[in-house]
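A short worksheet on the structure shown next.
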Protein chains: 2
Amino acid sequence: MKNSESFLMFADCSAVYDGRARSTLARGNYLIIKKTDGSISIHGSTLITPRNYMGAGTNIVIAPDNIIANRKSEKLIITIYDILECYYPYDWSDSKIEISRTEAELVDKLIAGASTYFDGTIELIEREYRTDAGPIDLFVKTSTNTYLVEAKRARITLNACYQIRRYMDAYGLDAIPCVAGPGISDNAKKHCDSNSILYISVDFD
Amino acid sequence: MKNSESFLMFADCSAVYDGRARSTLARGNYLIIKKTDGSISIHGSTLITPRNYMGAGTNIVIAPDNIIANRKSEKLIITIYDILECYYPYDWSDSKIEISRTEAELVDKLIAGASTYFDGTIELIEREYRTDAGPIDLFVKTSTNTYLVEAKRARITLNACYQIRRYMDAYGLDAIPCVAGPGISDNAKKHCDSNSILYISVDFD
DNA sequence: CTCTTTATCTCGTCT
DNA sequence: AGACGAGGTAAAGAG
């Protein structure tokens with residue numbers, strides 16, 4: 001077996017890791033992935049995350065019956081008993097995903113258009129404002145009010161309403177609880193109306 | 001192509017995800033892994049983590065030229081232009097790693113040998129003791145003292161010393177700050193000596 | 001280079 | 001089912 005830049009191997013193997021912790025992987029059939037960035041990972045038949053792995057830039061030495069991966073103070077030794085399949089990917093893409101419509105993006109929009117969303121002149125605006133109940137997505141203090149905003153990238157549900165209430169309790173002082181998102185369920189809207197929670201409609205694009 | 005329980009596919013494809021965020025993956029050659037727990041992931045030629053993924057229990061429908069994965073309010077659509085390789089793993093193991101030398105293990109040892117590590121008779125011993133600064137690894141109250149212990153599986157560094165100091169501030173009452181681990185750096189030891197932090201040497205095995 | 005923050009965090013555990 | 005916290009968190013961003 002030659003040490004190509006990358007390979008996919010399905011093999012009868014076992015593994016031992018020593019580094020930040022120490023672990024053993026019992027013998028069995030696993031998928032071993034070696035990537036072009038020098039990372040290596042061992043996947044079992046369940047879970048998104050690999051059983052064992054070593055990050056990019058790992059020094060990987062491949063012998064007939066084992067693979068030894070070294071990196072700083074970490075070492076992964078894979079003992080190979082039998083190779084059931086080995087494939088060398090051709091022109092494997094390294095494209096990243098292009099992501100959008102995150103909660104952060106909505107908060108950006110709220111900040112950019114703060115003067116239209118909130119009454120008074122903005123005195124302080126802060127994201128991830130810390131409370132004992134966790135961080136509030138957006139904290140806005142204006143000349144007339146203080147707003148605590150929970151933003152959701154999807155339709156606002158009752159859950160978001162309860163969440164902002166928790167933050168209100170933790171905040172303690174007088175403020176206007178808000179939920180912001182591109183839509184809101186009937187139940188949530190009803191709850192907002194009868195509990196003085198302000199719904200802010202904010203859309204992507 | 002039949003919908004086996006699991007498969008490894010290297011294919012010319014693209015993907016769109018909509019759920020907790022929204023993302024697109026540009027067309028290219030990627031590794032698609034479908035596992036026996038109903039999870040699916042798309043890997044590029046770099047990084048340990050997949051480009052796209054859907055967790056265990058996803059409803060996956062496979063057609064000749066696409067794969068559609070649904071789960072609660074998430075959807076992943078993989079458009080397949082060409083299958084370069086497809087492999088159906090035989091007897092793919094689902095063994096988990098057996099891990100040791102974790103921080104928790106060190107705390108176990110501290111608890112088991114508490115009477116040798118701490119002065120006085122043990123009155124209360126509690127792990128993950130909650131403070132405003134976060135949970136303290138180990139809280140020990142004896143007839144003579146109260147100990148706050150920060151445990152590290154690796155050599156104690158200055159960082160751990162500062163961490164236990166933060167916990168001391170949050171705790172407020174009189175107590176002896178401790179760092180416990182299998183070793184300690186010279187700098188950290190010096191810091192402990194001059195700041196009345198107790199270093200507890202505790203080894204694995 | 002180290003440190004800090006984010007994440008479609010994942011994944012286990014507990015209530 | 002939902003809440004909570006750990007993780008060999010990994011990976012991106014800032015200084």
Side-chain angles (χ1 to χ4, degrees), chain A residues 15-25 35 37 39-44 46-58 69-76 94 96-105 107 127-128 130 133-135 137 152-154 157-160 162-163 166, chain B residues 15-25 35 37 39-44 46-58 69-77 94 96-107 127-130 134-137 151-154 157-159 162-163:
Chain A
V16 174
Y17 165 81
D18 192 10
R20 283 180 282 186
R22 181 172 288 194
S23 76
T24 59
L25 178 64
K35 294 191 173 185
D37 61 352
S39 66
I40 189 167
S41 51
I42 307 174
H43 280 263
T46 62
L47 306 185
I48 298 294
T49 51
R51 298 299 195 264
N52 284 106
Y53 57 90
M54 295 282 280
T58 296
N70 269 291
R71 187 201 189 199
K72 292 178 58 178
S73 57
E74 296 182 287
K75 176 176 258 188
L76 175 64
D94 70 340
K96 306 287 204 302
I97 61 171
E98 286 170 42
I99 198 162
S100 66
R101 304 213 164 182
T102 60
E103 190 179 293
E105 195 177 317
V107 175
R127 55 204 308 167
E128 301 296 319
R130 298 169 64 86
D137 287 336
K152 288 293 171 196
R153 66 167 298 282
T157 64
L158 273 178
N159 210 12
Y162 293 135
Q163 202 171 341
R166 232 182 52 212
Chain B
V16 173
Y17 165 82
D18 192 9
R20 285 178 281 189
R22 179 174 287 194
S23 76
T24 59
L25 178 64
K35 293 191 173 186
D37 62 351
S39 66
I40 190 166
S41 50
I42 307 174
H43 281 262
T46 62
L47 306 185
I48 299 294
T49 51
R51 297 298 194 267
N52 285 105
Y53 56 89
M54 297 277 283
T58 295
N70 269 292
R71 186 203 189 198
K72 292 179 58 177
S73 57
E74 294 182 289
K75 177 178 255 187
L76 175 64
I77 301 178
D94 71 340
K96 306 286 202 302
I97 61 171
E98 286 171 42
I99 199 163
S100 64
R101 304 211 163 184
T102 62
E103 190 179 295
E105 194 177 319
L106 274 190
V107 176
R127 55 202 309 166
E128 301 297 320
Y129 183 85
R130 297 170 64 86
I136 299 174
D137 286 337
K152 288 294 170 195
R153 67 165 296 284
T157 65
L158 273 179
N159 210 11
Y162 294 133
Q163 201 171 340

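Letters A, B, ... mirror the listed sequences (proteins, then strands); counts begin at 1.
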Self-check item: Between CG on residue B/Asp37 and CD1 on residue A/Ile48, distance to nearest 0.5 Å
Solution: 7.0 Å
Quiz item: Is atom NZ of A/Lys72 surrounded by more than 12 heavy atoms (other residues, nucleotides or ligands) closer than 6.0 Å?
Solution: no
Quiz prompt | Reported CZ-to-CG distance for the pair B/Arg71 and B/Leu76, which is rounded to 0.5 angstrom | solution = 12.0 Å
Self-check item: Along DNA chain C (nearest heavy atom to each residue), the more 5'-positioned of B/Gly19 and A/Ile48
Solution: B/Gly19
Quiz item: How far does the P atom of D/dG8 sit from the matching atom of C/dT5, given to the nearest Å?
Solution: 22 Å
Self-check item: Where chain B begins and ends its contact with DNA chain C, read 5' to 3' at 4.0 Å from heavy atoms
Solution: C/dT8 to C/dG12
Practice problem: Any chance you could measure B/Thr49, atom OG1, to A/Tyr53, atom OH, to the nearest 0.5 Å? | Solution: 11.0 Å
Give every pair of a protein N or O atom and an N or O atom of nucleotides 5-9 of chain D that lie under 3.5 Å apart, one pair per line with the distance.
residue: D/dG5; atom: OP1; partner: B/Arg130; partner atom: NH1; Å: 3.0
residue: D/dA6; atom: OP1; partner: B/Glu128; partner atom: OE1; Å: 3.0
residue: D/dG8; atom: O6; partner: A/Asn52; partner atom: ND2; Å: 3.0
residue: D/dG8; atom: O6; partner: A/Tyr53; partner atom: N; Å: 2.8
residue: D/dG8; atom: O6; partner: A/Tyr53; partner atom: O; Å: 3.2
residue: D/dG8; atom: N1; partner: A/Tyr53; partner atom: O; Å: 2.3
residue: D/dG8; atom: N2; partner: A/Tyr53; partner atom: O; Å: 3.1
residue: D/dG8; atom: N2; partner: A/Glu74; partner atom: OE2; Å: 2.8
residue: D/dG8; atom: N3; partner: A/Tyr17; partner atom: OH; Å: 3.1
residue: D/dG8; atom: N3; partner: A/Glu74; partner atom: OE2; Å: 3.3
residue: D/dT9; atom: O3'; partner: A/Tyr53; partner atom: OH; Å: 3.1

Quiz prompt | Residue whose closest nucleotide on DNA chain D lies nearer the 5' end, B/Thr46 versus B/Lys72 | solution = B/Lys72
Quiz prompt | C/dT4 and C/dT8, which share atom name P, separated by this distance in whole Å | solution = 22 Å
Quiz item: Rounded to the nearest 0.5 Å, what separation is found between the OG1 atom of B/Thr24 and the NZ atom of A/Lys96?
Solution: 14.0 Å
Quiz item: Counting any heavy atom closer than 4.0 Å, what does A/Lys96 reach on the DNA or RNA strands: base, sugar-phosphate only, or nothing?
Solution: sugar-phosphate
Quiz item: Roughly how far, to the nearest 0.5 Å, is NZ of B/Lys35 from OG1 of A/Thr46?
Solution: 6.5 Å
Practice problem: Measure the spacing between CD1 of A/Ile99 and CZ of B/Arg22 and express it to the nearest 0.5 Å. | Solution: 11.5 Å
Quiz item: Does the side chain of B/Arg51 come within less than 4.5 Å of A/Asp94's, by heavy atoms?
Solution: yes
